[in-house]
There are 2 protein chains.
Amino acid sequence: MKKAVPRPQRDTARAIYDAAVDLFHEQGYRATNLRQIADAVGVQVGSLYNYMSSKERLLFEIMRGVMTDLVQGATAELDGVDDPLERVHRFMDHSIRFHGHRQKEVFIGNTELRSLSPARRRAIVELRDRYQALLVDALTDAAEAGQVAVADVRVTAYAGLAICSHAATWYREGGRLDLDEVARCLAQSFAPLARPVADRVS
Amino acid sequence: MKKAVPRPQRDTARAIYDAAVDLFHEQGYRATNLRQIADAVGVQVGSLYNYMSSKERLLFEIMRGVMTDLVQGATAELDGVDDPLERVHRFMDHSIRFHGHRQKEVFIGNTELRSLSPARRRAIVELRDRYQALLVDALTDAAEAGQVAVADVRVTAYAGLAICSHAATWYREGGRLDLDEVARCLAQSFAPLARPVADRVS
DNA sequence: GCGGCAAACGAACGCTCGTTAGTATCCGAG
DNA sequence: CTCGGATACTAACGAGCGTTCGTTTGCCGC
């Protein structure tokens, strides 16, 4: 009677992941129900449970995946770079690009922390803290080396992180500027990386 | 049998508003149910409807209130100030303070746009656009006057706005720094407002 | 004192949602 | 050819939620 035929060549697990990313990004985790995800995949609700153990677990996988990639990417980017200010620059550049490329997942990661159980939230927060520490440390070194003058390293770092994560909310691929230009302009908007403007009036 | 006694001197409408701000901020709009709000107020669920027409309307009132105050406050702050760069400075300073003082409401305003019906969302977006335009315009003037060198005015403005709104997510009253210090440090982290550091290496 | 109104109560409705269970179908290994 | 494991389907449960409704209570002006 009904076609319980698995579509050939279809990776359902991946399709579920992608649909969840899209919908969580568009509507938020709480506002998205599993029937919407099932529809997007082209499957019945119950079938989702062949691939996941719970809705919250699905959210967690998304967040852990993107945060892990973010930490590893930034760490790799800084590897072998000694100059502190250059480290700050690399961090910002990589972060902005990452937030542009994986904007939906990053946005979910920044937004849905509250939707996780305490234990899972703790795991994500730990990744986030490791990521943020990379900038705080680089900035601290740069300040000690006299490369930048900041009133407070931690607060300044928050400003830099804000610039990066905010990009995930407004950047659109194919927009007026490409990611290269956006990354350059945003990085320069962060005071420690601003080129000294010789001709600046006062 | 039951005490249907209105507590004397109690402004229930205000109590509902305050409880909603707290809970929406802590848990998000979707994750908060009216029974929690009623509990916080000390009232039964049904009684809430003596003061509001719907849950979404309550959210809308919160968002409209804070966004209106933000636009008006920033506009007043810039009134009579002619120097473009000074306008940028005033905007940032006021915004950061506002985001610190009314962090819960502002956070809700930045976060729960998705939870509004299209018509209500449009009203809030319009307020937000007016607020953002203040910075974009000031920055444009400053660039044209040669006071700052920016690769792209709009993107640079987004960086400034990011710094302000992000403050609502991490600033805590009574923390290591008071709001004055935070405002000064954050504003200086925004490149157009960074003091030229004469002794900066390279 | 009495009538009316504001404000609160308790109970219920109707719907949505995450999750589970039992069953059917297909494919590949033996 | 047949058996078993993936994978999908249908159906349902049970809890939670926003909202409505009829009733009750107490205060205030007449």
Side-chain angles (χ1 to χ4, degrees), chain A residues 1-24 26-63 108 112 114-117 119-120, chain B residues 1-24 26-63 108 112 114-117 119-120:
Chain A
M1 187 75 49
K2 343 294 162 46
K3 314 207 305 185
V5 187
R7 323 300 188 288
Q9 299 305 80
R10 156 106 93 85
D11 185 344
T12 308
R14 179 53 176 269
I16 291 173
Y17 185 96
D18 290 344
V21 168
D22 283 347
L23 288 164
F24 290 168
E26 254 174 64
Q27 310 179 334
Y29 171 75
R30 280 311 273 241
T32 300
N33 65 59
L34 294 183
R35 283 157 179 87
Q36 292 176 307
I37 294 178
D39 281 353
V41 175
V43 119
Q44 294 300 106
V45 205
S47 305
L48 296 180
Y49 283 83
N50 288 326
Y51 300 92
M52 61 180 221
S53 54
S54 75
K55 185 191 178 192
E56 194 214 317
R57 180 66 194 248
L58 175 60
L59 172 65
F60 177 67
E61 303 287 1
I62 292 171
M63 293 177 77
I108 294 169
E112 300 291 359
R114 291 183 301 194
S115 305
L116 292 177
S117 69
R120 297 211 175 100
Chain B
M1 186 78 46
K2 342 296 163 45
K3 315 208 304 185
V5 187
R7 320 303 187 288
Q9 300 305 79
R10 157 106 93 84
D11 184 345
T12 308
R14 178 53 176 268
I16 292 173
Y17 185 96
D18 290 344
V21 168
D22 283 348
L23 288 164
F24 290 168
E26 254 172 64
Q27 310 178 334
Y29 170 76
R30 279 273 179 163
T32 300
N33 65 58
L34 293 182
R35 283 157 181 87
Q36 293 176 306
I37 294 178
D39 282 353
V41 174
V43 118
Q44 293 298 107
V45 206
S47 305
L48 296 180
Y49 283 84
N50 289 326
Y51 299 93
M52 60 181 223
S53 54
S54 75
K55 186 191 179 192
E56 194 216 317
R57 180 66 194 247
L58 175 59
L59 172 65
F60 177 66
E61 303 287 1
I62 293 172
M63 294 177 78
I108 294 169
E112 300 290 0
R114 292 183 300 195
S115 306
L116 292 176
S117 68
R120 297 212 175 99

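Worth knowing before you read on, the calculation uses all heavy atoms, side chains too, and leaves out hydrogens, waters and symmetry mates. Letters A, B, ... mirror the listed sequences (proteins, then strands); counts begin at 1. Here the structure is a predicted model, which is why all the values come from computation and not from measurement.
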Q.
As an exercise, state the distance from CG of A:Asp39 to CD of A:Gln44, rounded to the nearest 0.5 Å.
A. 8.0 Å
Q.
So which atom in B:Leu58 and which in B:Met52 form the shortest heavy-atom distance, rounded to 0.1 Å?
A. CD2-SD, 3.8 Å
(Q) Please report the distance, rounded to the nearest Å, between CG in B:Leu23 and P in D:dG18. (A) 12 Å
Q.
If the cut-off is 4.0 Å, is A:Gln44 near the phosphate of D:dT10, judged by side-chain N/O to OP1 or OP2?
A. yes
(Q) Show the nearest heavy-atom pair for residues A:Leu48 and A:Val43, with the distance to one decimal. (A) CD2-CG1, 4.1 Å
Q.
What is the distance, to the nearest angstrom, from the CD1 atom on B:Ile37 to the C1' atom on D:dT19?
A. 14 Å
Q. Roughly how bent is the helix from C:dG1-D:dC30 to C:dG30-D:dC1 end to end, in steps of 10 degrees, with each end axis from five pairs?
A. 0°
Q: Work out which heavy atom in A:Ile108 is nearest to a heavy atom in A:Met63; give both atom names and the distance.
A: O-CE, 4.0 Å
Q: Decide if atom CZ of B:Arg114 counts as having more than 12 heavy atoms of other residues, nucleotides or ligands within a radius under 6.0 Å.
A: yes
Q. Taking all non-hydrogen atoms of both residues, which atom of B:Ile62 and which atom of B:Ala20 are closest, and how far apart?
A. CD1-CB, 3.9 Å
Q. Does B:Asn50 make a side-chain donor-acceptor contact with the base of C:dA8, cut-off 3.5 Å?
A. yes
Under-3.5 Å N/O pairs linking protein and nucleotides 15-21 of chain C:
residue : atom : partner : partner atom : Å
C:dC17  : OP1  : A:Asn33 : ND2          : 2.7
C:dC17  : OP2  : A:Asn33 : ND2          : 3.2
C:dG18  : OP1  : A:Thr32 : O            : 3.4
C:dG18  : OP1  : A:Lys55 : NZ           : 2.7
C:dG18  : OP2  : A:Leu34 : N            : 2.8
C:dG18  : N7   : A:Arg35 : NH1          : 3.0
C:dG18  : O6   : A:Arg35 : NH2          : 3.0
C:dT19  : OP2  : A:Tyr49 : OH           : 2.5
C:dT19  : OP2  : A:Lys55 : N            : 2.9
C:dT19  : O5'  : A:Tyr49 : OH           : 3.1

Q | Atom of A:Tyr29, atom of A:Glu112 and distance for their closest heavy-atom approach | A | N-OE2, 2.9 Å
Q: For the residue pair A:Gln36 and A:Gln27, establish whether any side-chain heavy-atom pair is separated by less than 4.5 Å.
A: yes
Q) Roughly, in whole Å, what's the span from CD1 in A:Ile16 to P in D:dA6? A) 16 Å
Q | Whole-Å distance separating the CZ atom of B:Arg57 from the C1' atom of D:dG18 | A | 17 Å
Q | N/O (side chain, A:Thr12) to phosphate O (OP1/OP2, D:dT7) under 4.0 Å | A | no
